2 protein chains.
Amino acid sequence: MPDSPPARGRVRLIDVAELAGVTKSVASRILSRDETLNVRPSTRARVLDAAERLQYSPHAGARALAASTTGALSLLIPDLTNPVYARIARGAYQRAHDLGYVVLLAEDNEETDARADFTDLVDAGRVDGLLIASARQDHPLIESGRLAAIPHVFVNRTVPDSGRNVTVDLELASRVAYEYLHGLGHRAVAHISGPGGLSPARDRERGFLEAAARSHAPIPHVVHADFSEAGGYAAVEEILRERPDITAIYAGTLPQSIGALKSLQVLGRRVPHEVSLLSYDDLPMAAYLTPALTTLELPLQELGTAAVDELVQQLRGGPPRDVTLGSHIRIVERDSVTSIS
Amino acid sequence: MPDSPPARGRVRLIDVAELAGVTKSVASRILSRDETLNVRPSTRARVLDAAERLQYSPHAGARALAASTTGALSLLIPDLTNPVYARIARGAYQRAHDLGYVVLLAEDNEETDARADFTDLVDAGRVDGLLIASARQDHPLIESGRLAAIPHVFVNRTVPDSGRNVTVDLELASRVAYEYLHGLGHRAVAHISGPGGLSPARDRERGFLEAAARSHAPIPHVVHADFSEAGGYAAVEEILRERPDITAIYAGTLPQSIGALKSLQVLGRRVPHEVSLLSYDDLPMAAYLTPALTTLELPLQELGTAAVDELVQQLRGGPPRDVTLGSHIRIVERDSVTSIS
DNA sequence: CTGAAAGCGCTTACAG
DNA sequence: CTGAAAGCGCTTACAG
């Protein structure tokens, strides 16, 4: 018959220590998997067993105070409604969990107060490190220099010279995109990029242009637009006004593609027979649009995973470094792209 | 010339106390806005000023230990990629921030380990309360009884007899939907509901059926399907097979609507001329589909706000209660619904 | 109106 | 191989 658990309140380290017949010190070291510790196997077993029976879970705050380590990471994303980030987040959650960390997700964009988030999470000592996927130009956190105080990585964006960018090889991805279109005979192609100088957009754009140059093909027509349906819609209007000869469009995000599709339809250009549309990033929805979208599939979950790996390496004293993911990039062929006959 | 901040490490309560020339006790009480405290206004001002100058931010862990209060709430959502939850989350974040809480978002579904999340967040003492929007049947947390230990509310779902459900009035919403279709002359209508007995789906369905009964109209044909594009696609196939006379369909989620649209098109039924499609929940994307989707707009952000309000009331000692949001429900008319001529 | 002191639940040198 | 003790940064009765 097992001992009855403590009458009320949380079970503390002292409770498991007493159940196991040791002191807090030993119990603590055993439970935190201190490798340098030499204990009799039977003692270890008793402690582990006691913790199990009492369902012991250490108080995060107490541990944070004593060891100045929280076991938490924060993931800052620019837009909760964007599925791209949801998938990065999943990869991050899962890996963090496996490594014994919990990840706290926060939305961080122009409407949101980055300073406040930072205070609530970092200054308040709730997290050990930051995964920053919030693609803002001149991000206030970067400019303020406050990031220096805490380990961090940039995910899916690149901050020049930071030496801690974890990204998909967007140039490679865009090259794959270009060469796919080129291989189908398209020469008059356009690209719907992002607004201003956001790094993912910039990299996609550069890769696309370079691939065209490498093929000695005409320079693609690039249009800057919001990462939204409305952005894609307006971009297509502009493209067709200035370059009515365009036969293929490469859009930077799925919402842009949806807007582009609509615009093409309103303007009476049939997809793919008159204009082919290739979308960046694959999602289930792409298969259900009309026509079903041909897309570029990217290793987003892996991106989240890699970002956590890098951050945890830093927490363990390793140096920050850039990581670029180049595999798992492929075209998912559906009905929105066809060859030039 | 201002005093220089402490040389290194975090600034602590004792630092601001010393700068202000008082003890930690007083500083603590002033900074935590203890209403029962009588201090000379000048003392209060000195302390507040010192905290400001030193950029003092209390250590969350230390506070959690001493006061057993964390200032954090956790929002559990079933699917990060679903924009419905993103909008609830936004409402929640914003209100929580205004009330001095931080909200920690976590994805909680079948693939995820709810027990682990609970341990990491609740047992570890990282949060004061839970906002549970994860619409799972027989949720392990509910069954285990572990929720009894922590204040919580259910958001956008209803757990019978829990007395702490914060929801949009889905029956009302579905009644609005039904009456809209009915008013346009539709009598042979179908509803794409959710899988099994999930509470939001059940409530939508009931409201829709009741509205039909109240109008002495034929009973709508109800089909159960996954909350996904594939679910909507399959549902339409089934509907048209069994009830080829249907003139209008009411879909429970936007992804279902996208799948339904595709299915209708593949089966050669023109929308809206042969079949009208009304979608639950409005998002920017709806306007860019073809045809643009007529939708039911819901107060999702308000739902997040209300949920936080209720949870915080509980934290302040108030009793849990059910809250139903009935306003801000309206039809956004676009091109996927037309009248019976 | 303000201060001294205990205590929240841990970790971690330091002893033995 | 194990224990005693200090200390992390707060809050909160309790005194005065």
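Model, not experiment: these values are computed from the prediction. First the proteins, then the strands, lettered A, B, ... as listed; each starts at 1.
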(message) Between A:R10 and A:D15 (salt bridge meaning N to carboxylate O under 4.0 Å), is one present in this structure?
(response) no
(message) Do the side chains of A:E310 and A:R164 get close enough for a salt bridge, i.e. N-O under 4.0 angstrom?
(response)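 A salt bridge is absent here (no side-chain N lies under 4.0 Å from a carboxylate O).
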(message) What range of DNA chain D does chain A touch, first nucleotide to last, counting atoms under 4.0 Å from its heavy atoms?
(response) D:dC1 to D:dG9
Strictly distance-based, threshold 3.5 Å: is any side-chain N or O of [X] a donor or acceptor partner for the main-chain N or O of [Y]?
X	Y	result
B:T70	B:D128	yes
B:R95	B:G91	no
B:D322	B:N165	yes
B:H152	B:I150	yes

(message) Suppose we screen for side chain to side chain contact (heavy atoms under 4.5 Å, CB included). Which residues come up paired with B:I14, at least two apart in sequence or across chains?
(response) B:R12, B:E18, B:K24
(request) Only counting residues at least two apart or in another chain, list the ones meeting side chain to side chain contact (heavy atoms under 4.5 Å, CB included) with B:R87. (result)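 Partners of B:R87 by the side chain to side chain contact (heavy atoms under 4.5 Å, CB included) criterion, ordered by chain and then number, come out as B:D281, B:L283, B:L300.
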(message) Looking at every heavy atom in both A:A72 and A:Y101, which two are closest together, and how far apart are they?
(response) N-CD2, 3.9 Å
(request) Among residues two or more places apart or on two chains, list those pairs meeting salt bridge (charged side-chain N to carboxylate O under 4.0 Å, His left out) that have a residue in residues 60-84 of chain B. (result) A:R90-B:D79
(message) Within residues 56-70 of chain B, which residues have any heavy atom lying less than 4.0 Å from an atom of DNA chain D?
(response) B:Y56, B:P58, B:H59, B:A62, B:R63, B:L65, B:A66, B:A67
(request) Would you kindly compare B:S28 and A:V39 by the position of their nearest DNA chain D nucleotide and give the one closer to the 5′ end? (result) A:V39
(message) Just to be sure I follow the notation: if a pair is Watson-Crick (purine N1 to pyrimidine N3 plus N6-O4 or O6-N4) or a G-U wobble (N1-O2 and O6-N3), each under 3.5 Å, what dot-bracket string does DNA chain D give, with | for pairs to another strand?
(response) |||.||||||||.|||
(request) Please tell me which of A:A27 and B:S25 maps to the more 5' nucleotide of DNA chain C, matching each residue to the nucleotide holding its nearest heavy atom. (result) B:S25
